[in-house]
Amino acid sequence: MTYALYILLFPLFAGSLVGIFGKPLRALPSQLLTTLGVAISFILSAILFYQFIFLNHAPINQVLYSWAVADQLHLNIGFMIDRLSVMMALVVTFVSLLVHIYSFGYMYDDPSKQRFFSYISLFTFMMLALIFANNFLLLFFGWEGVGLMSYLLIGFWFQKDSANAASMKAFLVNRIADFLFLVGIAGVFAYTHSLEFSQAFIAAPSLAQTSITLFGHPASVLTVLCLLIFCGAMGKSAQMPLHVWLPESMEGPTPISALIHAATMVTAGIYLVARLSPMYQLSPTALSVVMIIGATSALFMGILGLVQTDIKRVVAYSTLSQLGYMMAGAGASAYAASIFHLFTHACFKALLFLAAGSVIIALHHEQDMRKMGGLARKLPITYITFLCGALALIALPPTSGFYSKDSIIDAVQQLNAVGSSYTYWCLTLGVFITALYTFRCFFLVFHTPTRVDDPAHVHETSSTMWIPLIILAIPSLALGYLLFKPLIIDSPSWFGNSIVANHAALQTAAAMALDSLSHLPFWLMLAGVFTAWLCYVRFPKLPTWFATRLSLIYIVLVDKYGFDRLNDFVFVKGTRKLSQFFFAIVDVKVIDEGAVHGSGKLIAYLSQWARKLQSGYLYQYVLVMILGLLVLLFWQI
Amino acid sequence: MMSHLLSCMIWLPVLGAIMCLIASTADNPLYPRAIAVITAILGVLLCIPLYTHFDFHSGNMQFLENAHWIPAYNINYNLGVDGLSAPLIMLTSLTTLIVVLAACSSIHKKVGQYMAAFLVMQTMVIGVFSSLDAILFYVFWEGMLIPMYLSIGIWGGEKRGYASIKFFLYTFFGSALMLAVLLYLGLASNSFMIKDFYALHMTMPVQIWVFIGFLLAFMVKVPMWPTHTWLPDAHTEAPAGGSVVLAALMLKLGTYGFLRFSLPIVPDASNKLASFMIALSIISIIYIALVAIVQKDMKRLIAYSSIAHMAFVTLASFAIYFIMRNANDFSLAMLALQGAMVQMIAHAFSSGAMFVGSGILFDRLHTHAMKKFGGVAFKMPIFSAFFMLFALSNVGLPGTSGFVGEFMILLSLFKANLGVLMLAALAVILSAAYTLWMYRQVFFGKMNPDLETVKDVNLIEGINLCILGLMVIGIGVYPQFLLKMFDATAANLLHLSLATKL
């Protein structure tokens, strides 16, 4: 318990200190302080990991303090420290530490380093709060907290209008999701009178039997709640149609893209579904929805990666697609495989982003792949490590991505639920697409004739940048092989009973790798790499040929299926029009000019009339007095 | 002193105000400033015994004081506080301190008079919150308009004449009907003690008339749609201190009135008209938030946002009837009511704090038009960080004061009415939209050349922002220290508001 508290407090303390006293502290001490804070968190997480996984500590589910009490209702802040949260914390602090180190080099010439390091430390704190929460309140705090840090970091270079637009979009799209998430939390609270997960799990079976009427149709309470909560997950984990913010979040510094928009924050939605697996497991409808949305994102977001020219955006769309895989896995009840893919993806996608960042820095902030090419010799370390990440991403056996992704595809294949065959085909075709866009990017950046403006000045980046690359390359290759047995095969697995277990695969890691040779995904993956080679190395004219021949499809893809256009038209412009109407017509014209000034004028008019009574002529007053007296007299009689 | 604590809190500022006025005859503005700051600090210090001696387990009135005033009509100087009014009194003292501190660096014209106006305002507001006698309440209630009217009329912006008259007429129109209702209730119960009003039994038509009389007075103050148009004008023209007091204190009087008068005195009418009140609240939440999006003036935007947030209080106050009707869950109703109380306090530290911020900007650039700003974060990083905190509180981010009340209110609504919950929760999106849009226009983007010579906050402004920041985070992280004051009172109030009096 105290360990977990310290894991949270060190990044919080270091981050706030640097945030408040960054100026007098100066850059280097600030950077060291925050890095030290996260390093301590990482070591403590490793200790917790050892205690819980190898020494079999019992899960801790403890209240820290009473945040609010109303009558019988207690809203508590508390921690849930179990195998799932401990493993997540280890991954988060690991990636965060490497990103801290990497940022020494990446942010070298930026004047507001203190602010940057303060933000990423605070982000780490928020993410850990989210992970260790034992209730929806603390979870929501972390949830919104990481969203806030993401907002601040996307807009880190706030003089850039595009960055400001992107950060606001990210926050607002997440808020749309959180609005439904919040309604879901209210629902859980209304039915269990508690915000704690454990209470919700206890109530889940009876909630599955309870029904409420929605729009005149009866529905299972549990399904409704699961779907509402899933809406929150869709926002954070950028599932269609709430994915629109993630590609634009690439406006932020690249280390952020690695830490927040690949390895940690965006996986919070998957973590949430896994964390609440005892609820989701009882609602087949909710699971099917999760699975289908995940599968759709996996395939269709991957396809968009094919037409991007910005190196970071390719990796971003790839992240969207991989998040889709994880979500589909969770929807197929393969929570373990899903979290497994979350871990491996955290390593190889952070690696890919940081390697891309290394390329960008080497080319002096150039992100357009059309101005790259032939960098393999110039940036050997970046080249090798990027290749490791790419191989893991396309799931070449026996890299880490292979084990996790194939576990998900296997689980979906064996499933017999609504939408499972659709999901299977989406995920399988997605393998081809993944290989295609990954190696398109790889070839365009590192092979093919160079299109760099000034090739002579390109050289490998500083050691604080390439050391994290090498450290990440190792788990990207090996993590899958190591974790496959304890996470997927063993029963009980390392997850214990922190998530709902579902044993799909029952073979050893080595056998799985060999076996894959006879499976469809493997050959699709090879076909993808081959196609990429054909199109971008062997016959570089092919892509333009396709683009002109299939111009309609190409335009749709470049337009990103029109989501942005639609959002802009309906939500942004529509809201402004409505607001303008309310303000200019209802507020100003009807209420102010009509009612308020109108009643003023009415009174003025009446006073004009009343004024005539006060003529000042004595004979008129006397006349009225006499008339009054007469009336009174007759009244009395 | 404990037996006269409330009287001390009420009359001490008047003493300070008189001294300020005397001191203002000297040319040196330092004297009135020093006197005002010391008085305000003493006011805040008096809150400490109020909190430490407060009996958290009692829902009854405490710190009672009683003196004859107009015995012929049984009107007395009756004071007391419970868990609803005590936090509001503490808020009043703190707000006055903030306003006085802010004025130290921003007001150079008629300093003594300005300070005196806001100290008198403190007297009036604390008087309203601690009066147990309806006539005493009414005197303070109306008395408060005078310093507010003066502050807009003397230290206001260009259209201050229009704004101050509009403000005065709007609020005075509401109060006149309230006086009639109070007189009726006084005659009917043969006493002007508010707690004697609680015991009155009335038929439904009478209850509805009484309800309407109160409604007009209170809804103008909150303000609820459609009687809200005075507030943006008053805010835009008011000096920074006036805006802070308007947002942090004056709007609370409306919701305080609903909780102190409408619900417990005419519970059956409140129950019957709950749907109507909730509909008005929902319109306020959504409509006003939408209007806020298209504002070009920073203060106007904050003013509209302020209205939208206050609507949560009226929503929760009347949602208790929905909760009891549809879920029959006393605990959830308590949650809603306590949420409303927290929201009243927390709102002061988001809207009020943002008005302090807009005042700081105005002192430097002499404008509220957002397009005249841009890139303020370059030149004023400390100020920008604080303003971000207040903006986040306004957005309702967990960990800030703005989250607590709204979260509690939303939590209580699921079973009461899912539609109402969904509509109210839209505020989550809308508040983020207008607040971040404002922040982006003012603080981010390319730097406006006018900002070249601008300096970051000075010491006094820094202290002010720190006080506000601490409150924002304090309430957000540990709201229980406030809620524990509310608890017994809320239960008491809820029992009164749910008992039929037909």
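All of these numbers come straight from a predicted model, not from anything done at the bench. Per chain, numbering begins at 1; letters A, B, ... match sequence-line order.
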J.: For A:Ile185, is it the side chain, the backbone, both, or neither that has a heavy atom closer than 4.5 Å to a heavy atom of chain B?
T.: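 Both backbone and side chain.
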
J.: Go through the atoms of A:Ala163 and report whether side chain, backbone, both or neither lie under 4.5 Å from a heavy atom of chain B.
T.: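 Contact with chain B involves no heavy atom of A:Ala163 at all.
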
J.: In terms of heavy-atom proximity below 4.5 Å to chain B, should A:Leu180 be classed as side chain, backbone, both, or neither?
T.: side chain

J.: For A:Phe140, is it the side chain, the backbone, both or neither that has a heavy atom under 4.5 Å from a heavy atom of chain B?
T.: both

J.: Hey, could you give me the OH/CG distance between A:Tyr151 and B:Leu392, rounded to the nearest 0.5 Å?
T.: 8.0 Å

J.: Which residue is it: B:Leu430, B:Leu410, B:Leu426? I am looking for the one with a side-chain contact (heavy atoms from CB on, under 4.5 Å) to A:Phe179.
T.: B:Leu426

J.: Please name the pair of heavy atoms, one in B:Leu421 and one in A:Ala186, separated by the smallest distance, quoted to 0.1 Å.
T.: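 Heavy atoms only, the tightest pair is CD2-CB, 4.0 Å.
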
J.: So which part of A:Ile20 gets closer than 4.5 Å to some heavy atom of chain B, the side chain, the backbone, both or neither?
T.: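 Neither part.
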
J.: B:Leu482, B:Ile382, B:Ile288, B:Leu332: which one forms the most heavy-atom pairs within less than 4.5 Å of chain A?
T.: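 With the most close heavy-atom pairs to chain A, the winner is B:Leu332.
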
J.: Show the nearest heavy-atom pair for residues A:Leu73 and B:Ser331, with the distance to one decimal.
T.: CD1-O, 3.4 Å

J.: Could you give all pairs that pass the side-chain hydrogen bond (donor to acceptor under 3.5 Å, both in side chains) test and reach residues 477-495 of chain B, with sequence neighbours left out?
T.: B:Gln338-B:Asp487

J.: Hey, which of A:Leu182, A:Leu172, A:Ile176, A:Val69 has the most heavy atom pairs under 4.5 Å with chain B?
T.: A:Val69

J.: Determine, stepwise, if the pair B:Phe443 / A:Phe158 fulfils side chain to side chain contact (heavy atoms under 4.5 Å, CB included).
T.: CA-CA 9 Å; B:Phe443 291 90; A:Phe158 56 76; over 6 Å; no

J.: Under a 4.5 Å heavy-atom cut-off, does chain A meet the side chain of B:Ala491, its backbone, both or neither?
T.: neither

J.: In terms of heavy-atom contacts, does CZ of B:Phe378 have more than 12 from other residues, nucleotides or ligands at under 6.0 Å?
T.: yes

J.: Examine whether an atom of B:Trp437 lies under 4.5 Å from a heavy atom of chain A, and if so say whether it belongs to the side chain, the backbone or both; otherwise answer neither.
T.: both

J.: I'd like to know which of A:Lys160, A:Gln580, A:Gln72 tops the heavy-atom pair count under 4.5 Å against chain B.
T.: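 Counting heavy-atom pairs under 4.5 Å, the top option is A:Gln580.
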
J.: Please look at A:Phe141 and chain B and tell me whether the side chain, the backbone, both or neither of the residue comes under 4.5 angstrom of a heavy atom of that chain.
T.: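 Both backbone and side chain.
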
J.: So which of B:Val395, B:Val342, B:Leu337, B:Thr227 has the largest heavy-atom pair count under 4.5 angstrom toward chain A?
T.: B:Val395

J.: Which class fits the ring pair B:Phe403 and A:Trp67: parallel under 30°, tilted 30 to 60°, perpendicular over 60°?
T.: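 Geometry flag for A:Trp67 against B:Phe403: tilted rings.
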
J.: Could you walk me through whether A:Tyr65 and B:Val477 satisfy the side chain to side chain contact (heavy atoms under 4.5 Å, CB included) test, starting with their C-alpha distance in whole Å, then the side-chain angles of each, then the deciding distance to 0.1 Å, before giving a yes or no?
T.: CA-CA 10 Å; A:Tyr65 69 90; B:Val477 172; 3.4 Å; yes

J.: Under a 4.5 Å cutoff for heavy-atom pairs, which residue among B:Pro381, B:Ala377, B:Ala488, B:Gly375 has the most contacts with chain A?
T.: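 Winner by heavy-atom pair count: B:Ala377.
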
J.: If I measure from the heavy atoms of chain A, does B:Phe486 come under 4.5 Å with its side chain, its backbone, both, or neither?
T.: neither

J.: For the residue pair B:Met388 and A:Leu152, what are the closest heavy atoms and their distance?
T.: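 Closest pair (atom of B:Met388, atom of A:Leu152, distance): CE-CD2, 3.5 Å.
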
J.: For the CG atom of B:Leu411 and the CG atom of A:Leu195, what is their distance to the nearest 0.5 Å?
T.: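 So the CG of B:Leu411 and the CG of A:Leu195 are separated by 5.5 Å.
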
J.: Taking atom CG of B:Leu397 and atom CZ of A:Arg175, what is their separation to the nearest 0.5 Å?
T.: 6.0 Å

J.: Pick from B:Phe414, B:Tyr439, B:Phe481, B:Phe330: which one has the most heavy-atom pairs with chain A under 4.5 Å?
T.: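 Sorted descending by pairs with chain A, the first entry is B:Phe414.
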
J.: For the residue pair A:Met168 and B:Arg440, what are the closest heavy atoms and their distance?
T.: SD-CD, 3.9 Å

J.: Please name the pair of heavy atoms, one in A:Ala70 and one in B:Leu335, separated by the smallest distance, quoted to 0.1 Å.
T.: CB-CD1, 3.7 Å

J.: So which part of B:Ile429 gets closer than 4.5 Å to some heavy atom of chain A, the side chain, the backbone, both or neither?
T.: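 Both backbone and side chain.
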
J.: Against chain B, label A:Leu75 side chain, backbone, both or neither, depending on which of its atoms sit under 4.5 Å from a heavy atom there.
T.: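 For A:Leu75, the side chain is the part near chain B, not the backbone.
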
